[in-house]
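All ligand and atom numbering here is 1-based and tracks the order in the structure. Position 1 is the first residue of the sequence, and the numbers go up from there.
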Amino acid sequence: MNERDRRLEVSDSLANGRHKRAGRTGQPAYAGCSPTSEWLAGQLHSWFVHHQRDLPWRRDRDPYRIWVSEVMLQQTQAATVIPYFEQFLQAFPTVRDLAAAEEQEVLRLWEGLGYYRRARDLHRAAKAIVAQHNGQIPDDPALLGRLPGLGRYTCNAILSQAFDRRLPILEANSQRVLSRLFGRTDDPRQSAARRWLWQAAESILPDREVGTFNQALMELGALVCTPAAPRCSQCPLAARCVARQLGQQETIPARTPPPEILHVQEAAVVVHRGPQVLLVQRPSKGRWASLWEFPHGPLLDRESHEAAAARLLHQLTGLQAKVGPELLTIRHSITRYRIVLTCLEAEHASGEFQSDFYVEGRWLSLADLAVYPVSSPQRHLARFLLSPSRQRRLF
Ligand code: SF4
């Protein structure tokens with residue numbers, strides 16, 4: 001039996017999450033439903049041709065464009081990514097342009113996408129590609145995988161789509177499709193399930209057009225085999241899907257309950273010194289690394305916003321200030337934290353900037369704020385300071 005014709009057999013034990021392994025080959029064994037890799041490729045290909053979304057990174061096979069899109073798409077919906085992708089490619093049309101850019105410029109264009117480490121790794125990897133590979137993205141998984149931020153999924157997505165390398169991919173959408181198709185019930189975030197899914201993803205690869213096959217699998221998960229209410233009646237794989245046969249498409253794969261939500265109260269301070277305000281830069285490691293912001297932090301137990309603003313300003317910047325009125329309240333989320341950020345104004349009274357936490361502090365005009373990369377809630381605050389309604393509430 002050759003690779004192309006190997007039958008993928010799904011067993012009842014798979015549906016119960018106790019998959020059998022095929023002894024010597026180490027490949028997962030499937031019994032019962034029997035989709036062949038050829039059948040899967042054919043079904044997915046014809047569905048993809050007619051139903052794929054027109055996404056800007058699918059219009060050619062440029063590895064740089066595919067790479068940027070894959071990094072942006074991690075943790076982020078395609079519709080959100082499109083304008084960022086187009087703006088980024090306009091600013092940095094080639095890997096050499098990206099490598100030559102200042103990190104602050106890269107972060108500014110990433111602003112709003114979140115997970116800024118992705119942007120810093122992309123930038124560092126571009127520099128390495130120019131320095132070590134003459135500006136050419138390597139088509140070798142061993143070389144590509146050594147670059148910052150390029151894990152197995154991203155490497156294989158680039159190599160299969162740009163160079164038609166026969167490599168599997170596994171991300172949230174494709175792992176959900178595979179779990180349901182083969183009736184693998186356990187949570188894909190668990191290591192045993194992930195190992196199994198990588199093996200399954202590799203087992204079903206066609207010999208040719210692997211990039212299209214991988215994209216079709218992900219697209220099916222994004223559009224049809226969705227986390228809730230999958231549209232099985234429109235699915236090209238429905239005839240051989242174990243989860244559907246068992247009526248368990250809503251419950252496969254199992255999901256670990258989300259972590260407990262934590263509510264946090266924070267205060268942020270906009271300190272004025274004449275016509276200027278203080279903006280400070282975060283350290284190069286940790287959350288929002290290297291981004292700029294107005295000083296902020298959590299309230300202590302029973303502390304008022306005004307007292308917190310004065311305390312935080314002094315602790316974080318060494319400045320004393322007269323705290324004035326509240327400007328606005330911004331609600332935002334970071335992972336399991338639901339943060340209420342109360343923003344206040346203050347007038348500088350004494351002291352010069354010095355900090356054990358922030359890397360740098362700069363006194364800037366409000367117009368200058370636009371060029372500094374900041375987090376989404378801080379951009380909300382900066383825009384508010386420039387808004388016409390704000391002019392009536394000057395300190
Ligand atoms: S038949 Fe339903 S559960 Fe199975 S792969 Fe298709 S959409 Fe997903």
Side-chain angles (χ1 to χ4, degrees), residues 4 6-20 27-53 55 58 73 77-79 153 156-157 160 168-190 192-206 209-257:
R4 186 180 177 80
R6 184 179 56 248
R7 295 188 75 76
L8 305 172
E9 298 175 328
V10 181
S11 68
D12 289 343
S13 63
L14 265 177
N16 292 324
R18 299 188 305 276
H19 68 280
K20 294 175 181 174
Q27 299 288 347
Y30 317 99
C33 199
S34 305
T36 62
S37 54
E38 192 172 10
W39 180 83
L40 282 173
Q43 293 297 104
L44 281 171
H45 189 273
S46 50
W47 176 83
F48 189 60
V49 165
H50 292 106
H51 297 283
Q52 65 170 305
R53 291 167 291 180
L55 299 173
R58 285 189 179 149
L73 286 163
Q77 302 271 342
Y153 164 74
N156 290 5
S160 63
I169 50 93
L170 194 66
E171 42 65 78
N173 287 319
S174 54
Q175 71 191 14
R176 185 170 58 255
V177 174
L178 294 179
S179 295
R180 288 171 175 171
L181 181 65
F182 296 120
R184 176 84 194 193
T185 57
D186 44 354
D187 187 338
R189 283 176 294 187
Q190 291 173 358
R194 276 196 82 69
R195 270 198 307 278
W196 186 91
L197 284 164
W198 272 110
Q199 285 185 313
E202 190 159 16
S203 302
I204 61 174
L205 287 178
E209 297 192 72
V210 179
T212 306
F213 177 86
N214 283 342
Q215 286 188 78
L217 201 58
M218 291 188 280
E219 191 78 334
L220 188 73
L223 301 183
V224 176
C225 194
T226 45
R231 300 179 187 88
C232 299
S233 61
Q234 298 163 28
C235 178
L237 310 184
R240 302 188 184 185
C241 173
V242 172
R244 190 186 189 213
Q245 287 170 3
L246 296 169
Q248 292 182 10
Q249 57 269 41
E250 300 264 5
T251 53
I252 293 177
R255 277 170 257 183
T256 305

Leu181 and Leu40: CA distance, side-chain angles, deciding distance, side chain to side chain contact (heavy atoms under 4.5 Å, CB included) verdict: CA-CA 10 Å; Leu181 181 65; Leu40 282 173; 3.7 Å; yes
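- Under 4.0 angstrom from ligand 1, the non-hydrogen atoms of Cys241 all belong to its side chain.
- Ranking protein heavy atoms by distance to atom 8 (Fe) of ligand 1, first place goes to Cys225 SG, 2.4 Å.
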Intermediate values then yes/no, side chain to side chain contact (heavy atoms under 4.5 Å, CB included), Arg53 and Leu223: CA-CA 9 Å; Arg53 291 167 291 180; Leu223 301 183; 3.8 Å; yes
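- Put simply, Cys232 gets within reach of atom 2 (Fe) of ligand 1, with an N, O or S atom under 2.8 Å from it.
- Against a heavy-atom cut-off of under 4.0 Å, Gln249 is close to the following atoms of ligand 1: 3 (S).
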Derivation of the side chain to side chain donor-acceptor pair (under 3.5 Å) call for Ser174 and Glu171: CA-CA 6 Å; Ser174 54; Glu171 42 65 78; 2.6 Å; yes
Pair Gln52-Gln215, side chain to side chain contact (heavy atoms under 4.5 Å, CB included): steps then yes or no: CA-CA 9 Å; Gln52 65 170 305; Gln215 286 188 78; 5.5 Å; no
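- Separation of atoms CD (Gln245) and CZ (Arg240) is listed at 10.0 Å; rounding is to 0.5 Å.
- Proximity of Arg176 to Pro253: side-chain heavy atoms (C-beta onward) are separated by under 4.5 Å at one or more points.
- Atom 6 (Fe) of ligand 1 has its closest protein heavy atom at Cys235 SG, 2.3 Å.
- Using a 4.0 Å cut-off to heavy atoms of Arg180, the atoms of ligand 1 that qualify are 3 (S).
- For ligand 1 and Ala238, the ligand atoms under 4.0 Å from any heavy atom of the residue are 1 (S).
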